[in-house]
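First the structure, in the form of structure tokens, and then the observations on it.
Just so it is clear, the values below take in all heavy atoms, side chains as well, and ignore hydrogens, waters and symmetry mates. Every chain is numbered from 1 and lettered A, B, ... according to where its sequence line falls, protein lines coming before strand lines.
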Number of protein chains: 2
Amino acid sequence: MPRNRRPVPKEQRRDELVAAAAELFVLDGYEATSMSRLAKQAEVTPNTLYWYFRDKDELLVAVAERYLRALLHEHASLADRPLAEQFLWLVERLRPVRHLVSTVHSRVAVSDAVRSWHDSFHRTFEEIFERRLTSPFAAEHRAGEVAAATFALEGAITHDLDDTTTRRLCEITADRLHHAAALNPATSANP
Amino acid sequence: MPRNRRPVPKEQRRDELVAAAAELFVLDGYEATSMSRLAKQAEVTPNTLYWYFRDKDELLVAVAERYLRALLHEHASLADRPLAEQFLWLVERLRPVRHLVSTVHSRVAVSDAVRSWHDSFHRTFEEIFERRLTSPFAAEHRAGEVAAATFALEGAITHDLDDTTTRRLCEITADRLHHAAALNPATSANP
DNA sequence: ACCTGAACACCGTTCAAGT
DNA sequence: ACCTGAACACCGTTCAAGT
């Protein structure tokens with residue numbers, strides 16, 4: 001068997017490794033997936049993983065990024081549906097990878113790579129949310145509303161809620177983003 | 001030196017170990033604190049930790065519970081202050097132990113002990129929040145509002161927000177809990 | 001009952017060496 | 001450039017043995 005200089009392009013090779021990692025991270029969890037088990041799954045030696053990735057956290061980032069890309073791609077087709085419906089879709093779409101979400105959060109403090117990916121992830125969603133804030137109002141108020149929406153969804157993904165509560169939470173969150181200006185005391189006091 | 005059968009009562013001994021763990025978990029993080037470093041800090045051998053705790057996760061639970069007790073005790077004196085102010089206090093109080101919060105969430109899927117503590121933690125705060133829901137309305141609507149409030153605070157604790165955004169988020173969250181019934185379409189449609 | 005010494009199986013990571 | 005064999009320092013945990 002060929003042991004090195006494989007004829008497969010390096011981007012594709014890297015992708016295979018990320019795919020293997022994605023499967024195991026989601027199935028068994030990040031901590032429970034050792035680099036050697038992962039290597040075995042991808043049919044390489046553990047060291048090979050370190051040729052393509054600096055460390056295990058960089059592998060986590062690659063897996064998370066892979067899911068984010070797929071998510072944004074699928075989301076594009078729902079862009080004109082009601083916001084509450086989009087939120088519900090998002091939450092149900094991310095529930096299966098909830099452990100990945102929790103792991104990313106817990107490794108933000110440990111790994112610079114994870115932290116910077118996490119931050120850019122939040123910026124991506126903040127931009128999407130900000131576009132939905134129909135009425136114009138002051139920047140710090142926008143930031144508060146956007147943060148509340150983001151955290152509501154993150155919580156819904158990572159916690160066990162029954163279906164009706166999940167749906168309610170998505171409706172509440174969407175409502176808030178639409179009517180934020182009207183509900184804002186400072187703004188509604190000066191019409 | 002006495003090597004066993006220490007004259008110190010076992011509850012106090014356990015407490016010393018939890019105190020040592022609390023310090024290191026918060027200072028260096030849970031993963032970065034090995035059982036041997038922890039043992040050294042508490043001036044025992046690693047094995048001794050396993051006499052008092054089933055595993056590292058049970059130690060994590062003990063540390064978290066310790067913080068929760070202190071938090072609830074301090075919170076009692078603010079019970080009649082405005083809700084937004086209570087929230088801001090809570091967020092700022094828990095920010096220093098944010099890594100503990102993230103770690104608990106990421107180990108919910110791994111450890112039964114952590115999961116059941118986490119669930120009871122949420123029940124505790126849900127009860128506090130539910131008492132603040134002034135207007136009466138259907139149970140599934142309450143659950144949605146309470147979840148939104150809980151997740152907003154959890155997010156504020158575990159993410160970097162500037163001071164004004166944090167304050168705004170707390171105000172929004174408090175407002176929501178007060179006016180939830182009026183904003184609920186189903187309820188406001190039938191006055 | 002309480003604590004230790006010594007070991008176990010494993011972990012993430014590195015490095016010199018191969019092609 | 002790509003990959004491996006072998007090792008490194010360490011991890012959480014266990015267990016027989018001590019007092």
Atom CG of A:L49 and atom C1' of D:dT4 are separated, to the nearest Å, by 12 Å
To the nearest angstrom, the CD-C1' distance between B:E31 and C:dG12 comes to 14 Å
Per atom distances to the A:W51 side chain, the nearest of D:dA1, C:dC2, D:dT13 is D:dA1
With a 6.0 Å cut-off (strictly less than), is the heavy-atom count around CZ of B:R37, excluding the residue itself, greater than 12? yes
When rounded to whole Å, the OH to P distance for the pair A:Y30 and C:dC11 reads 13 Å
Contacts of A:R54 and A:A32 projected onto DNA chain C by closest heavy atom; the upstream (5') one is A:A32
Return yes if a side-chain donor-acceptor contact under 3.5 Å exists between B:D162 and B:T165, otherwise no.
yes
Applying the Watson-Crick and G-U criteria (both distances under 3.5 angstrom) with [ ] for crossing and | for other-strand pairs, one obtains for DNA chain C ||.|||||...|||||.||
*asked:* Using OP1 and OP2 only, check whether a side-chain N or O of B:R13 sits under 4.0 Å from C:dC3.
replied: yes
Worksheet item: Would you say D:dC3 has OP1 or OP2 under 4.0 Å from some side-chain N or O of A:Y50?
Response: no
To the nearest angstrom, the CD-P distance between B:E43 and C:dC3 comes to 13 Å
Sugar-phosphate only, base, or nothing, as touched by A:Y52 at under 4.0 Å among non-hydrogen atoms: sugar-phosphate
Any side-chain heavy atom of A:H159 within less than 4.5 Å of one from B:H105?
yes
Taken to the nearest whole Å, CG/A:D57 to P/C:dC11 is 16 Å
Among the nucleotides C:dT13, D:dT4, C:dC2, whichever has the atom closest to the side chain of B:K10 is C:dC2
The side-chain contact (heavy atoms from CB on, under 4.5 Å) partner of A:R95 among A:V101, A:L161, A:D160 is A:L161
To the nearest angstrom, the CE-P distance between B:M35 and D:dT14 comes to 10 Å
Under 4.0 Å between a side-chain N/O of B:S34 and OP1 or OP2 of D:dC11, yes or no? yes
Only distances under 3.5 Å count here; give the side-chain donor-acceptor pairs of residues 75-82 of chain B to other protein atoms, sequence neighbours excluded, each with its distance to 0.1 Å.
| unit_1 | atom_1 | unit_2 | atom_2 | d |
| --- | --- | --- | --- | --- |
| B:H75 | NE2 | B:Q86 | OE1 | 2.8 |
| B:S77 | OG | B:E74 | O | 3.0 |
| B:R81 | NE | B:E85 | OE2 | 3.2 |

Here the distance between atom P of C:dG12 and atom CG of A:L24, to the nearest Å, is 12 Å
Testing C:dC3, C:dT13, D:dC11 for proximity to the side chain of B:T45, the answer is C:dC3
Does B:T48 make a side-chain N or O approach to OP1 or OP2 of C:dC3 shorter than 4.0 Å?
no
Tell me if the aromatic rings of B:Y30 and B:H99 count as close, with their centers under 6.0 Å from one another. no
B:D55 atom CG is separated from C:dC10 atom C1', nearest whole Å, by 17 Å
(message) More than 12 heavy atoms of other residues, nucleotides or ligands under 6.0 Å from CZ of B:R98: yes or no?
(response) yes
